[in-house]
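If you read the sequence from its start, that first residue is 1, and numbering goes on from there.
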Amino acid sequence: MQPENESSDQGRRSFIEEARRGQIVSAAIETIAEIGYAKASFVQIARRAEVSPGLITYHFAKREELMKQVMQTVHASMDKALSARAEGAESYSAAVRSLIEGFVFYFAERPKEIIAIGQIASASRDAEAARSWFEQQSAKTLAEMEDMFREGQRLGELREFSPRVMAVSVIAAMEAAPAELLARPDTDVADYARELADLFVHAMSPPASEARSS
C-alpha cells in the first residue's frame, strides 16, 4: 500500500498538470488567433503562456498533439454550451433555434477559439491528427443532426425534406457566421442569431394547415 500522503501528492500533481495543460492550450488558441497557425511555434506559445518551451514538450511531445488537444478542448466547451442552451427545448423547432443561436453567440463570445480551430482544420502540415479528429467529429455532428430532423419529421413537428440536405445547409450557415461577424464587427449579434434561426425554423416548419391538423 502507498502511504496516504504519497497518494495525496499524486492527486495534487495530476491537478497541477491538468491546469498546466489547460494553460498551454489557452495560450495556443491565443497565439494562433493572433499570428496564425504557421507562426504558432512552441516558442511563441511558450512566450504567451509565460512558460519554457521545454515545459510544453513535457506535456505535448509534438506540435500535432497540442493542436489536436486544442480541437478537443474547443469542441468539448462548445458542445457543453450548446447542450445547455438546448436542454429543456419543448419542440424540435425550439431545439433547432437553440442550436443555431447558441453557435452564433458562442462565437461572438469566443471568436479566438473558432479562428484557431478553423486554421488548424485547414493547415497544410503538422496537423494531420487534429484534422482527422475534426473530420470525424464533423461527420458525427452531421449524422446526429440528420437523426434529429428525421425524428422531428416522424413526430410531425417538421415538414418533409431531405434531412441530409438540411443538415449540411444548417452547418454551412453556422460555419459562415464567424467570417460575417468578423468582417462586420458592428453587426447586432442577437439580431443575426435570431434571423439565421428564423430562416431554418421557417424552412422546416410544416404548413399551417398541417400543423393545425396534427
Salt-bridge criterion met for E180 and R184 (N-O under 4.0 Å): yes
statement: Nearest heavy-atom contact between L158 and S93 is CD2-OG, 4.0 Å
Minimum side-chain heavy-atom gap I56-V51 below 4.5 Å: yes
task: Flag yes if more than 12 heavy atoms outside F161 fall under 6.0 Å of its CZ atom; otherwise flag no.
output: yes
- request: Heavy atoms only: give me the nearest I120-A130 pair and the separation to one decimal.
  value: CG2-CB, 3.6 Å
- prompt: Has the side chain of S77 got a donor or acceptor atom that lies under 3.5 Å from a matching backbone atom of T73?
  reply: no
field: Polar contact flag, side-chain donor to acceptor under 3.5 angstrom, Y37-S122
entry: no
H59 NE2 to R20 CZ distance, which is reported to the nearest 0.5 Å: 6.5 Å
field: Check: Q153/R150 side-chain N/O donor and acceptor closer than 3.5 Å
entry: no
message: Quick one: does any side-chain atom of Q69 pair with a main-chain N or O of V25 as donor and acceptor, under 3.5 Å?
response: no
- prompt: Roughly how far, to the nearest 0.5 Å, is CD of E50 from CG of L55?
  reply: 12.5 Å
query: Would I117 and I35 show up in the same hydrophobic cluster when neighbours are defined by side-chain heavy atoms closer than 4.5 Å?
result: no
- request: Assess whether side-chain contact (heavy atoms from CB on, under 4.5 Å) is satisfied between M148 and V96, documenting all intermediate values.
  value: CA-CA 9 Å; M148 180 176 74; V96 169; 3.9 Å; yes
query: Does R154 come within less than 4.0 Å of E151, counting only side-chain N to carboxylate O?
result: yes
message: Under the criterion side-chain contact (heavy atoms from CB on, under 4.5 Å), I'd like the reasoning laid out for Y106 against E113: C-alpha separation, chi angles, the key distance, then a yes or no.
response: CA-CA 10 Å; Y106 187 92; E113 291 186 2; 2.5 Å; yes
query: CZ/R110 to CE/M78 distance, rounded to the nearest 0.5 angstrom?
result: 9.0 Å
message: Go through it in stages, so that I can follow the logic: the residues are I24 and F60, the test is side-chain contact (heavy atoms from CB on, under 4.5 Å), and I'd like the CA-CA distance, side-chain angles, deciding distance and then a yes or no.
response: CA-CA 9 Å; I24 293 169; F60 302 98; 3.9 Å; yes
field: Distance (rounded to the nearest 0.5 Å) between L196 CG and D198 CG
entry: 9.0 Å
- prompt: For the residue pair S169 and V165, what are the closest heavy atoms and their distance?
  reply: OG-O, 2.8 Å
- prompt: In Å, rounded to the nearest 0.5 Å, how long is the span from CD of Q44 to OG1 of T31?
  reply: 7.0 Å
task: Rounded to the nearest 0.5 Å, what's the gap from CD on E160 to CE on M204? Could you check?
output: 13.0 Å
- line: Closest heavy-atom pair, G102 versus L82, reported as atoms and distance to 0.1 Å, is C-CD2, 3.2 Å
- prompt: Are the side chain of S132 and the backbone of E128 linked by a donor-acceptor contact shorter than 3.5 Å?
  reply: no
field: Exceeds 12 heavy-atom contacts within 6.0 angstrom, atom CZ of R164
entry: no
field: Close side-chain approach of I115 to L182, heavy-atom, < 4.5 Å
entry: yes
